[in-house]
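First the proteins, then the strands, lettered A, B, ... as listed; each starts at 1. These numbers were taken from a predicted model, which means no experiment stands behind them.
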There are 2 protein chains.
Amino acid sequence: MAVGNTLRAPMSVHANRTQMTRALLSLRERILSGEFKPGDRMSELPLVERLGVSRTPLRLALVSLEHEGLLRSLPAGGYVVREFTRADIRDAIEIRGVLEGTAARFAAERGASRRDLRALRTINDSVEPLVRRADYESFERYVALNEAFHERLLRMAESPLLRRTIEGVLSLPFASPSALVLQHAQLPESREILIVAHRHHVGLVEAIAQREGARADGIAREHARLSLTNLEIVLSHQGLLDEVPGAALLTLAPDD
Amino acid sequence: MAVGNTLRAPMSVHANRTQMTRALLSLRERILSGEFKPGDRMSELPLVERLGVSRTPLRLALVSLEHEGLLRSLPAGGYVVREFTRADIRDAIEIRGVLEGTAARFAAERGASRRDLRALRTINDSVEPLVRRADYESFERYVALNEAFHERLLRMAESPLLRRTIEGVLSLPFASPSALVLQHAQLPESREILIVAHRHHVGLVEAIAQREGARADGIAREHARLSLTNLEIVLSHQGLLDEVPGAALLTLAPDD
DNA sequence: CACCGCCATGTTGCATGCAGAAATGTGTCT
DNA sequence: AGACACATTTCTGCATGCAACATGGCGGTG
């Protein structure tokens with residue numbers, strides 16, 4: 001299965017060759033890691049020094065990051081790091097659920113090939129034994145298979161536009177399904193969540209095979225909401241939150 | 001003072017002051033108007049000549065247009081104009097319906113203020129007599145009020161993320177509600193569509209006021225599908241299509 | 001003491017020169 | 001005549017210098 005990849009790129013993490021890509025990846029990582037706090041001004045000259053790229057590719061990266069939603073442009077010029085609230089997380093997950101539900105519905109309505117259905121079932125069969133195990137390695141394999149499942153599902157929707165839209169939402173922190181799940185692999189609640197998630201996947205394949213679009217939609221929405229449960233688990237266990245990528249961008253005022 | 005700018009084209013349609021914005025607006029307009037065809041390479045030097053801006057702001061605009069979806073970046077570098085199919089239009093409208101349905105559901109679930117509800121009803125009352133008239137001026141007023149209605153609804157959803165997502169979809173041609181509606185104002189079918197659309201708006205306000213999220217969602221989705229009807233009308237009347245902005249980006253192979 | 005204007009500084013936006021790479025055309029060899 | 005290698009041209013990507021703008025501090029004045 002070649003799930004490994006843990007030793008990817010020992011020297012420079014960013015193996016890409018254009019300076020703009022380097023700046024983009026590096027900046028995204030640094031923002032999500034909390035190196036810059038919300039509201040921090042992203043002045044170009046200091047960034048040039050830190051990132052080791054020139055101003056030209058840096059500015060291209062800044063434009064991209066604004067489109068991704070991590071930066072906000074000031075009217076007077078320049079960019080600052082965006083701030084996210086708990087309500088933003090909730091909405092991001094809800095919107096992701098709606099869009100993935102639409103993908104599942106499309107897959108159901110437009111008819112899935114036997115080959116695609118078989119691929120989904122194969123993934124589910126591989127996942128099934130993993131949800132009963134609690135070791136970290138199984139968890140990682142689960143995450144990988146989970147991503148494969150969703151990727152296949154998105155392909156089956158046959159809608160480049162829907163893919164683009166979902167990827168746009170996923171570019172925000174916290175919206176990603178795996179963003180909130182890896183941190184608490186050892187907790188008992190997480191195992192229960194995995195069991196439910198697996199059931200959702202099985203139901204999704206059934207619904208798509210039967211061309212039941214509404215059921216597929218509903219299951220996918222509920223499936224995304226598991227991330228909300230994950231969020232609550234992370235928030236209820238002090239200390240776990242710091243492990244979540246992008247946690248530094250959160251305002252933890254107890255609003256909702 | 002007032003030293004510079006004496007030669008700054010006063011008649012330029014784009015009154016914005018930064019060169020990047022100028023390039024962005026001008027390029028977007030030219031692409032949608034069909035000055036560039038799908039697959040055309042957007043070489044920088046010719047564009048510099050045509051747009052009158054330097055390469056640096058031009059490249060920033062190209063990055064933005066790629067994020068908007070009008071351009072596609074080549075692996076070897078550079079950009080080409082994207083191509084859209086009828087399936088893309090259909091999906092764009094469907095996805096917009098899903099997202100606006102979510103906005104309406106949010107507004108219903110989260111509770112609308114009397115003030116917001118009154119504003120929506122006021123708009124609807126102003127629209128109501130317009131749907132019975134067929135002159136172009138009434139049509140323009142209708143479009144303006146329609147946009148105000150949707151803007152208000154989006155505000156009532158109270159979700160910056162949902163707004164961002166919807167605007168991302170709307171940045172594509174054909175996805176906009178008004179994109180396909182202005183061209184056939186004089187056709188009798190369009191009047192019927194307006195009547196149905198008005199009914200949708202009334203139902204939306206009712207559902208939101210009663211906090212009936214599912215009903216609001218359903219109405220908004222069906223409302224968006226009116227654009228599909230508009231699309232079919234435009235496609236069935238030869239010659240109308242050329243008036244639609246971005247029509248040149250379409251492949252009119254009779255696929256679906 | 002408060003407020004206003006001015007200057008200094010830092011920052012963004014822009015233009016252009018240069019280098020490397022891809023694409024294109026040409027000539028030669030088989 | 002076709003194909004391959006090489007040269008030329010065009011293009012993108014990058015770095016840097018320059019100018020205008022915004023910002024903040026300081027001093028002067030009411």
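- For the pair B/Glu68 and A/Arg164, the salt-bridge criterion is not met [side-chain N within less than 4.0 Å of a carboxylate O].
- Inter-axis angle, ends of the helix from C/dC1-D/dG30 to C/dT30-D/dA1, five pairs per end, rounded to 10 degrees: 10°.
- Regarding A/Arg17, its CZ atom lies at a distance of 10 Å from the P atom of D/dC14, rounded to whole Å.
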Donor-acceptor contacts under 3.5 Å from residues 153-160 of chain B side chains, at least two apart:
unit_1	atom_1	unit_2	atom_2	d
B/Ser159	OG	A/Asp91	OD2	2.7
B/Ser159	OG	B/Leu162	N	3.2

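- If you take OH of A/Tyr79 and P of C/dT11, they are 17 Å apart, rounded to a whole angstrom.
- Taking for each of A/Arg55 and A/Met20 the nucleotide of DNA chain D with the nearest heavy atom, the 5'-most of the two is the partner of A/Met20.
- Note that the CG atom of B/Leu70 and the CG atom of B/Leu24 stand 9.5 Å from one another [nearest 0.5 Å].
- Mapping B/Arg41 and B/Ser54 onto DNA chain C via the closest heavy atom, the residue that lands nearer the 5' end is B/Ser54.
- Regarding A/Leu60, its CG atom lies at a distance of 13 Å from the C1' atom of C/dG13, rounded to whole Å.
- B/Leu65 places a side-chain heavy atom less than 4.5 Å from the side chain of B/Ile31.
- Atom P of nucleotide C/dG17 and atom CD of B/Glu44 are separated by 16 Å, given to the nearest angstrom.
- Residue A/Arg59 places at least one side-chain N or O closer than 4.0 Å to OP1 or OP2 of C/dG13.
- Rounded to a whole Å, the CZ atom of B/Arg22 is 12 Å from the C1' atom of C/dC14.
- Residue A/Thr56 is the one, among A/Ala76 and A/Thr56, whose nearest nucleotide of DNA chain D lies closer to the 5' end (criterion: closest heavy atom).
- To the nearest 0.5 Å, the span separating CD1 on B/Ile93 from OG on B/Ser176 amounts to 10.0 Å.
- Remark: A/Ile95 CD1 to A/Thr165 OG1 distance equals 11.5 Å, nearest 0.5 Å.
- Per the geometry, CG belonging to B/Leu24 stands 15 Å off C1' belonging to C/dG13, to the nearest Å.
- Ion pairing of B/Glu94 with B/Arg90 is absent here, as no side-chain N (NZ or NE/NH1/NH2) approaches a carboxylate O to less than 4.0 Å.
- Computed from coordinates, the A/Met42 CE to C/dT11 P distance equals 14 Å when rounded to whole Å.
- Atom CG of A/Leu45 and atom C1' of C/dG13 are 12 Å apart (whole Å).
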